[in-house]
**Student:** 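Just passing along the structure, written as structure tokens.
For reference, positions follow the sequence shown, starting with 1. Basis for what follows: all heavy atoms, side chains included, without hydrogens, waters or symmetry-related copies.
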Amino acid sequence: TALNPRDYRAWYGLGQTYEVLNVPRYALYYYAKAQQLKPNDARMLLAVGESYASSNQKEYAKKCYQRAADLAKNDGPNAVYQLAKLHQDLGETEAAATRFVQVVQENEAGTRTYIESDVLDAVSFLAEYFMK
């Protein structure tokens, strides 16, 4: 970052380092720096959101995941799934169901490709949700 403070990759890399070291506050700082340099990159918002979530700042995480999902129309499946899981964790079952339905529909339509375990998790949640 000293050589080129405008290079988002350096800040993002530092964020990843602190994430691996399980120091979410530092990871958040560096991911936020990267996100400032690439404000319309869903990956940066997703990283910031994950740092917020691991710091138990769920409402901020939700905003990041929502924006990442909106930005990444075709290449950000994880943001939609992460948003669904966060809604589930917060007890917002209707919002979680809406997002999990989106995960399943997009996966079936081929609009976005999701990890198989994420789709199975979504289907499991939805089965339980609709049985109530």
**Student:** Of Val103, Val80, Asn107, Asn78, which is the lone residue that meets side-chain contact (heavy atoms from CB on, under 4.5 Å) with Arg112?
**Tutor:** Val80
**Student:** When rounded to the nearest 0.5 angstrom, what is the spacing between NE2 in His87 and CD in Gln82?
**Tutor:** 12.0 Å
**Student:** Looking at CD of Gln88 and CZ of Phe100, how far apart are the two atoms once the value is rounded to the nearest 0.5 Å?
**Tutor:** 4.5 Å
**Student:** For Ser124 and Leu120, indicate whether the former's side chain and the latter's backbone hold a donor-acceptor pair under 3.5 Å.
**Tutor:** no
**Student:** For atom NZ of Lys58, is the number of surrounding heavy atoms from other residues, nucleotides or ligands below 6.0 Å larger than 12?
**Tutor:**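 More than 12 heavy atoms, drawn from other residues, nucleotides or ligands, come within 6.0 Å of this atom.
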**Student:** How long is the straight-line distance from NZ of Lys33 back to CG of Leu14, given to the nearest 0.5 Å?
**Tutor:** 11.5 Å
**Student:** Atom CZ in Phe125, atom OG1 in Thr93: separation rounded to 0.5 Å?
**Tutor:** 6.0 Å
**Student:** Quick one: which residue pairs count as a salt bridge (charged side-chain N to carboxylate O under 4.0 Å, His left out) with a foot in residues 84-97, not counting sequence neighbours?
**Tutor:**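 Sorted pair list: Lys62-Glu92, Lys85-Asp121.
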**Student:** Name all residues meeting the side chain to side chain donor-acceptor pair (under 3.5 Å) criterion together with Tyr65; count only those two or more places apart in sequence or in a different chain, and write none if there are none.
**Tutor:**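 Counting only residues at least two positions away or on another chain, Tyr65 forms no side chain to side chain donor-acceptor pair (under 3.5 Å).
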**Student:** Answer yes or no: are there more than 12 heavy-atom neighbours, outside Tyr26 itself, under 6.0 Å from its atom OH?
**Tutor:** no
**Student:** How does the hydrophobic cluster around Ile115 look, that is, which other residues are in it when side-chain heavy atoms under 4.5 Å mark a link?
**Tutor:** none
**Student:** Please identify each residue that fulfils side chain to side chain donor-acceptor pair (under 3.5 Å) with Gln102, with sequence neighbours left out.
**Tutor:**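 In terms of side chain to side chain donor-acceptor pair (under 3.5 Å), with neighbours along the sequence ignored, Gln102 is linked to Arg99, Glu106.
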**Student:** If you group Ile, Leu, Val, Met, Phe, Trp and Tyr by side-chain heavy-atom gaps below 4.5 Å, do Tyr60 and Tyr29 land in one group?
**Tutor:** yes
**Student:** Could you grab the distance from atom OG1 of Thr113 to atom CG of Asp118, nearest 0.5 Å is fine?
**Tutor:**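 Here the rounded value is 12.0 Å.
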**Student:** Among side-chain atoms of Glu19 and Tyr31, is any donor-acceptor pair under 3.5 angstrom?
**Tutor:** yes
**Student:** Is Leu86 reachable from Leu126 through a run of hydrophobic residues whose side-chain heavy atoms are each under 4.5 Å from the next?
**Tutor:** no
**Student:** Just distance, no hydrogens or angles: give the donor-acceptor pairs under 3.5 Å from side chains in residues 37-54, sequence neighbours left out.
**Tutor:**
residue, atom, partner, partner atom, Å
Asn40, OD1, Arg67, NH2, 3.2
Asp41, OD1, Arg43, N, 2.9
Asp41, OD1, Arg43, NE, 3.0
Asp41, OD2, Arg43, NE, 3.4
Asp41, OD2, Arg43, NH2, 2.5
Ser51, OG, Ala47, O, 3.2
Ser54, OG, Glu50, O, 3.2
Ser54, OG, Ser51, O, 3.1

**Student:** Kindly state whether the ring of Tyr81 and the ring of Tyr114 have centres lying under 6.0 angstrom apart.
**Tutor:**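 They do not qualify: ring centres at least 6.0 Å apart.
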**Student:** List the residues meeting side chain to side chain donor-acceptor pair (under 3.5 Å) with Asn22, not counting sequence neighbours, and say none if there are none.
**Tutor:**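 Asn22: no side chain to side chain donor-acceptor pair (under 3.5 Å) contacts found.
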**Student:** Examine Leu21 and Tyr12 and state if one hydrophobic cluster contains both, with Ile, Leu, Val, Met, Phe, Trp and Tyr joined whenever side-chain heavy atoms are less than 4.5 Å apart.
**Tutor:**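 Yes, it is one cluster - the side chains of Leu21 and Tyr12 are joined through contacts under 4.5 Å.
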